[in-house]
Amino acid sequence: MCDKLGMSENMMFVATGSALPKQVWTNEALIKAKGLDSSDAWVKERTGIAQRYIVSEGETTFTLARDAVKQALGRAGVSPEQVGVLVVATCTPDLTFPSVAALVHGDLGFAGECAVLDINAACSGFIHALAVAKGLLAASAKDYAVVVGAETFSNLLDWNDRATCLLFGDGAGAVVCKKERGTGNERRGILAVSLGADGTAAPMLQSSAGVARGQKAGVVLMNGREVYKRAVRQMGSRVATDALLAEAKVKFEEVDWLVPHQANARIIEAAAAEVGLPMDKVVMTVGEHANTSAASIPLALDVAVRDGRIKAGKVLLLQAFGAGFAWSGAVVRW
Ligand SMILES: CC(C)(COP(=O)(O)OP(=O)(O)OC[C@H]1O[C@@H](n2cnc3c(N)ncnc32)[C@H](O)[C@@H]1OP(=O)(O)O)[C@@H](O)C(=O)NCCC(=O)NCCS
């Protein structure tokens with residue numbers, strides 16, 4: 001169930017950007033506001049989450065995506081007209097259609113010659129979007145791709161369900177990537193990608209409704225224990241990690257940073273231990289952002305780029321797992 005993507009032309013990372021909602025909610029404040037039978041200690045101990053950002057009036061998945069893209073393009077010194085691929089990973093779009101990517105395209109003035117689409121692979125979506133963008137950029141006449149993870153899971157929560165509503169947060173992260181044209185940087189960018197799925201597990205983590213099932217977005221339904229076990233098993237697979245590193249021609253010892261999907265600190269710690277990476281090589285942002293689904297990895301990348309942990313030449317292992325179940329991994333040289 002694991003498909004390796006062989007890719008010849010490469011795509012390098014140029015800059016990151018991010019956007020978080022104005023309002024930050026600590027566990028305590030949210031528990032009080034929603035009248036939940038829970039505690040800050042319970043949530044911190046089971047998940048490592050201390051707070052999350054939640055959208056308020058005027059903020060949507062589109063506005064967060066747009067702001068993250070604007071920041072990333074500004075830092076890259078790239079104009080929207082230079083971009084040939086714009087992919088947004090999200091499962092909480094503003095509208096059923098058009099895509100969030102189309103809304104960003106229209107608002108920021110991207111060129112007509114640009115592949116513009118959303119991808120839904122739930123929490124795993126950002127790495128899927130990187131893989132798709134890399135393929136599309138190879139076929140584009142332009143040099144730049146923008147890949148975004150943007151979510152407002154707060155729109156998809158049952159605020160009476162303490163087992164799910166305290167786990168998620170809103171936000172967006174974006175990366176600007178450049179086509180590698182044989183300038184000696186062939187060993188930078190995305191060195192290997194692996195995507196996989198088990199669709200038979202769909203009922204374990206899903207929304208309760210949808211366009212074709214009640215014309216509603218629904219709320220998150222989750223078998224937390226099973227998701228936890230399967231996430232650790234998949235993200236902690238040393239065999240899958242070794243296969244991905246071998247494809248990337250990178251030794252295990254060369255990995256500088258593990259940047260996993262930020263669902264839960266315990267999942268991340270258990271998976272890192274299984275893989276054999278110490279926690280001082282793991283970028284962890286779940287305490288501050290909670291689970292922002294497809295936005296969690298690009299948000300974590302942005303944090304670690306800004307604080308200097310991720311810089312040119314560093315080798316990253318990206319890993320994600322989520323609804324579907326769909327999972328993904330990538331080896332990147334920044
Ligand atoms: C959700 C999760 C934190 C629950 O922790 P857990 O140790 O598995 O807890 P359980 O679901 O077995 O529930 C244990 C008890 O805690 C209670 N509980 C659940 N959420 C609670 C909360 N926020 N506060 C207090 N008690 C809570 C349950 O109701 C249950 O009570 P009971 O024993 O009286 O029935 C954990 O399963 C998890 O992190 N799963 C993965 C979720 C995830 O990351 N999903 C996204 C993947 S992309």
Side-chain angles (χ1 to χ4, degrees), residues 25-52 89-92 119-128 149 151-154 156-171 195-199 201-208 218-236 259-272 274 282 284-300 318-329:
W25 289 81
T26 62
N27 293 335
E28 223 163 85
L30 196 56
I31 288 165
K32 195 167 168 219
K34 301 295 179 186
L36 297 165
D37 179 12
S38 186
S39 67
D40 175 52
W42 194 98
V43 179
K44 274 192 187 138
E45 190 199 313
R46 304 286 175 119
T47 70
I49 294 166
Q51 60 171 45
R52 76 286 293 138
T90 188
C91 52
T92 49
I119 283 186
N120 177 353
C123 294
S124 195
F126 182 71
I127 300 174
H128 283 71
E151 303 274 22
T152 53
F153 253 66
S154 63
L156 210 52
L157 295 172
D158 173 356
W159 292 105
N160 296 311
D161 180 9
R162 65 179 182 175
T164 54
C165 74
L166 291 161
L167 306 184
F168 295 90
D170 303 335
L195 309 178
D198 175 6
M204 289 182 193
L205 179 53
Q206 64 178 20
S207 67
S208 61
V219 292
V220 173
L221 302 178
M222 179 173 71
N223 177 341
R225 286 229 153 160
E226 206 49 43
V227 173
Y228 184 96
K229 278 193 274 182
R230 297 280 292 266
V232 172
R233 198 187 311 153
Q234 186 59 41
M235 290 171 71
V259 188
H261 166 51
Q262 308 281 322
N264 176 317
R266 280 164 67 222
I267 292 177
I268 293 172
E269 283 160 7
E274 289 287 319
V282 181
M284 182 104 96
T285 53
V286 66
E288 186 195 344
H289 297 154
N291 182 348
T292 56
S293 186
S296 87
I297 289 181
L299 276 170
L318 312 183
Q319 277 183 340
F321 181 91
F325 291 137
W327 55 83
S328 49

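Order of listing sets the numbers, starting from 1, for every ligand and every atom in it.
Distance screen at 4.0 Å: atom 38 (C) of ligand 1 has a protein heavy-atom neighbour inside the cut-off. For atom 7 (O) of ligand 1, a protein non-hydrogen atom is found at a distance below 4.0 Å. Note that atom 23 (N) of ligand 1 has protein non-hydrogen atoms nearby, at separations under 4.0 angstrom.
If you look at Leu36 next to ligand 1, there are no close heavy atoms at all, none under 4.0 Å.
A donor-acceptor pair under 3.5 Å links the side-chain atoms of Asn27 to the main chain of Ile49, judged by distance alone. Side-chain atoms of Thr152 never come within 3.5 Å of backbone atoms of Ser154 as a donor-acceptor pair (strictly under, hydrogens ignored). Using a distance-only test at 3.5 Å, with no hydrogens or angles considered, no donor-acceptor pair links the side chain of Arg52 to the main chain of Asp170. A side-chain donor-acceptor contact under 3.5 Å links Ser328 to the backbone of Ser124. The main-chain N or O of Val219 is found under 3.5 Å from a side-chain atom of Ser208 such that the two form a donor-acceptor pair.
For Glu151 and Thr292, the side-chain atoms include no donor-acceptor pair closer than 3.5 Å.
Among all non-hydrogen protein atoms, the one lying nearest atom 10 (P) of ligand 1 is Arg225 NE, 4.0 Å. What sits closest to atom 34 (O) of ligand 1 on the protein, heavy atoms only, is Arg162 NH2, 4.7 Å. Distance from atom 40 (N) of ligand 1 to its nearest protein heavy atom, with residue and atom name: Gly224 O, 2.9 Å. What sits closest to atom 15 (C) of ligand 1 on the protein, heavy atoms only, is Trp42 CZ2, 4.6 Å. Counting only heavy atoms of the protein, atom 46 (C) of ligand 1 lies nearest to Asn291 ND2, 3.5 Å. Among all non-hydrogen protein atoms, the one lying nearest atom 47 (C) of ligand 1 is Val227 CG1, 3.6 Å. Residue, atom and distance of the protein heavy atom nearest to atom 45 (N) of ligand 1 are Met222 SD, 3.2 Å. Of the protein's non-hydrogen atoms, the one nearest atom 14 (C) of ligand 1 is Arg46 NH1, 4.2 Å.
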Practice item. Would you sort out whether Arg266 and Tyr228 count as a side-chain contact (heavy atoms from CB on, under 4.5 Å), showing the intermediate values? Key: CA-CA 9 Å; Arg266 280 164 67 222; Tyr228 184 96; 3.4 Å; yes
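Heavy-atom contacts of Cys123 reach the following atoms of ligand 1: 48 (S) (cutoff under 4.0 Å). Of all the atoms in ligand 1, the ones that sit under 4.0 Å from a non-hydrogen atom of His261 are 48 (S). Residue Phe321 has at least one heavy-atom neighbour below 4.0 Å for each of these atoms of ligand 1: 48 (S). Every atom of ligand 1 is numbered from 1 in the order shown, and the set under 4.0 Å from a heavy atom of Asn264 is 38 (C), 39 (O). Within ligand 1, the atoms closer than 4.0 Å to a non-hydrogen atom of Leu166 are 23 (N), numbered from 1 in the order shown.
Closest of all the heavy-atom pairs between Trp25 and Ala33 is CZ3-CB, 3.6 Å.
Under 4.0 Å is where a charged nitrogen must lie from a carboxylate oxygen, and between Glu226 and Lys229 at least one such pair does.
In terms of polar-atom proximity, Ser38 is counted as a contact of ligand 1, with an N or O under 3.5 Å from an N or O of the ligand.
If you run side chain to side chain contact (heavy atoms under 4.5 Å, CB included) between Cys165 and each of Leu30, Leu36, Asp158, only Leu36 comes through.
Heavy-atom contacts from other residues, nucleotides or ligands closer than 6.0 Å to CD of Glu28 number 12 or fewer.
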